[in-house]
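Working notes, beginning with the structure itself.
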Amino acid sequence: MLTSEMIKAAALSAGADLCGIGDMSLFEGTPKEMDPRYIFPEATRVVGMVFRIPRGVQRGIEEGTQFYQYPSMAYGGINEIYAPAVLYHVGRLIEDHGYEAAVYRNTGARGCVSDMDGSPGNTLSPEEQIAAFEQEKSKTSHHRSVQFTRETRPGQVPPDLQFHFRLAAVACGLGEIGWSKMFLTPEFGPLQRVAFLFTDAPVEPDPLYSGPPLCRKCMSCVRECPGNCLSSKESIKVYIGDKLCEWGVLDEWKCYAFYTHGGPKYNPFVPKKVWDENENGDLNVLEGIGEANEQEIMKVYTALEKYFPSWVGYNMAKCGGCIRACVSMLEKKGGCMADRFEKPLRTAKAWKMDR
C-alpha cells in the first residue's frame, strides 16, 4: 500500500531536499483562476518538494563580479532540469500504485491571469495583440499572463492555470512566507525553489508548520530593496487553513523591473551615460519616477536589452537584494540560517555604484 513515507523517501532519494504533503481542501477560498483543484478535480493531496539554492550562486552578485550563475543555476537549472526529473520519478511511484500524479513544474508564472495585478491575459486591443504577437516572435515576452486564452467548456477556467507556489508550499507544511513575500524554510531560509504534484492517492497529509517564526520582521528586505518596492507597514494577509500568512505589500511591476535591471546604482552592464540621459524617459521606473506597469516595463526592456549579458532562458538577475539581505540578517542575528555555514555570506558592506 502506498504511504506518505514512501512518497517522501522517493522524493528525497531522487534529489529533493525536503518533501511535504498537503490536503487539497486547504485551497478553499482561492480565486477560481488560481485554484489548482481545477487542474485535477479528483486530487485529494498536493505533494510539495523543496530544492535548495546553493548559497554560492549568490556570491557573484554579492561581490558584484558574476551575475550569470543565479538565473542559470537557481532558476533555469532547478526549474527546467533538476526538479522535473524528480517530479517524474515520484510521479512514476504513485502511478505504479494505481493512483494518478499530475506533475507541475515551475512554468514561469504564465497563467490565465497576471500574477502581478490579477488582470486576465486578454487585456489588449486586437491591434495591440497583433503587435505583441509579432514582437514575441523575436523578443522575450514581458507579459505575466497568457495573452490568448479562453475556457474550453462552461464553468471551467481558461488555460493555463497558475497557482500560488509559496502558499502551496505552506499548505504542504514546509515553512512560512516572510515579509519580503519569499518562502522560508527552517533548513534553508529563503534559498530554495519548489515544485508540486497533485494526486488522488489517500496518503496522510502533514501538519502546517508550527515552529518558531522563520521571519524576524527585521525589515532588512525593505531597507535593501534598490527600488523601494516593498512596504514596511502595509501587508497582505491570507489564511491557509487556520494559519495566517502575512507579507509586505509589494509593487510587483516595479520589483520586476529592478530584479532584471537593478537600477542605476546596481547594474554594472549599462553605461553611466545611458542612465544620466534617460532618453525619452524610458528609464523613469528605474529612476523612481511615475507608476510601474507593463507598458513602462516594455520601455525599460527596449532601452536596455542590448546591454544584457548572455541570456540563459531566464531574465538576467541584477538584484537579489531582498534575498541577500534576508540571508545576511538571519546569519547575523540568528534564525533559520544560524550556524549553517562556517563563514557568513556578507563579509563587508554591500556594494553600490555611483550610477
Would you name the heavy atoms of [X] and [Y] that are closest together and state the gap between them?
X      : Y      : result
Leu214 : Tyr209 : CD2-OH, 3.3 Å
Val57  : Ala74  : CG2-CB, 4.1 Å
Glu151 : Gly155 : OE2-N, 4.1 Å
Phe341 : Glu331 : CD1-OE2, 3.7 Å
Leu174 : Gly20  : CD2-N, 3.6 Å

- Query: Could you go step by step and tell me if Val47 and Met49 meet the side chain to side chain contact (heavy atoms under 4.5 Å, CB included) rule?
  - Reply: CA-CA 7 Å; Val47 179; Met49 302 172 210; 4.1 Å; yes

Do [X] and [Y] touch side chain to side chain, with heavy atoms closer than 4.5 Å?
X      : Y      : answer
Gln162 : Tyr104 : yes
Met329 : Met337 : no
Leu26  : Pro205 : no
Cys172 : Asp206 : no

- Query: side-chain hydrogen bond (donor to acceptor under 3.5 Å, both in side chains) with Lys333: which residues, sequence neighbours excluded?
  - Reply: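 With neighbours one apart ignored, the set is empty.
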
Quick one: [atom1] on [X] to [atom2] on [Y], what's the gap to the nearest 0.5 Å?
X      : Y      : atom1 : atom2 : value
Thr199 : Leu2   : OG1   : CG    : 7.5 Å
Phe27  : His164 : CZ    : NE2   : 11.0 Å
His97  : Thr3   : NE2   : OG1   : 8.0 Å
Ile236 : Lys181 : CD1   : NZ    : 8.0 Å
Leu250 : Tyr256 : CG    : OH    : 14.0 Å
Ile240 : Leu208 : CD1   : CG    : 8.0 Å

Around [X], counting heavy atoms of other residues, nucleotides and ligands shown, do more than 12 lie under 6.0 Å from its [atom1]?
X      : atom1 : value
Lys243 : NZ    : yes
Met182 : CE    : yes
Arg223 : CZ    : yes
Asp242 : CG    : no
Asp339 : CG    : no

Linking I/L/V/M/F/W/Y whenever any side-chain heavy atoms sit under 4.5 Å apart, do [X] and [Y] land together?
X      : Y      : answer
Met34  : Met24  : no
Val327 : Val194 : no
Ile323 : Phe188 : no

Are the side chain of [X] and the backbone of [Y] linked by a donor-acceptor contact shorter than 3.5 Å?
X      : Y      : result
Asn284 : Ile289 : no
Asp17  : Arg52  : yes
Arg193 : Ile78  : no
Gln66  : Tyr68  : yes
Ser13  : Ala9   : yes
Asp35  : Arg37  : yes
Trp351 : Tyr266 : no
Gln192 : Phe183 : yes
Trp179 : Ser231 : yes

- Identify the residue among Asn278, Val270, Asn267, Leu304 that makes a side chain to side chain contact (heavy atoms under 4.5 Å, CB included) with Leu286.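 That would be Leu304; it is the only one of Asn278, Val270, Asn267, Leu304 passing the side chain to side chain contact (heavy atoms under 4.5 Å, CB included) with Leu286.
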
- Verdict with reasoning, Lys233 to Val249, per side chain to side chain contact (heavy atoms under 4.5 Å, CB included): CA-CA 8 Å; Lys233 296 181 175 62; Val249 169; over 6 Å; no

- Query: Glu224: what forms a side chain to side chain contact (heavy atoms under 4.5 Å, CB included) with it, not counting sequence neighbours?
  - Reply: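 By the side chain to side chain contact (heavy atoms under 4.5 Å, CB included) rule, Glu224 matches Ala325, Arg346.
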
- Is the distance between the ring centroids of Phe163 and Phe198 under 6.0 Å?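 Yes; Phe198 has its ring centre under 6.0 Å from that of Phe163.
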
- Query: Can Glu187 and Arg340 be counted as an ion pair, charged N to O under 4.0 angstrom?
  - Reply: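 Not counted as a salt bridge, because no side-chain N and carboxylate O are separated by less than 4.0 Å.
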
- Query: Charged N to carboxylate O under 4.0 angstrom, Glu5 versus Lys8?
  - Reply: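 Salt bridge: no.
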
- Message: Ring-plane angle category for Tyr259 and Tyr75, please: parallel below 30°, perpendicular beyond 60°, tilted otherwise.
- Response: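 Plane angle between 30° and 60°, so tilted.
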
- Message: Applying side chain to side chain contact (heavy atoms under 4.5 Å, CB included) to Gln295 and Met298, what does each step give before you reach the verdict?
- Response: CA-CA 5 Å; Gln295 289 70 37; Met298 294 285 279; 5.7 Å; no

- Is it true that the side chains of Ser4 and Glu204 contain a donor and an acceptor less than 3.5 Å apart?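 No - no donor-acceptor pair under 3.5 Å links their side chains.
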
- Message: Please evaluate residues Leu230 and Trp247 with respect to the criterion side chain to side chain contact (heavy atoms under 4.5 Å, CB included), reporting the C-alpha separation (whole Å), side-chain torsions for both, the decisive distance (0.1 Å), and the verdict.
- Response: CA-CA 9 Å; Leu230 187 62; Trp247 58 88; over 6 Å; no

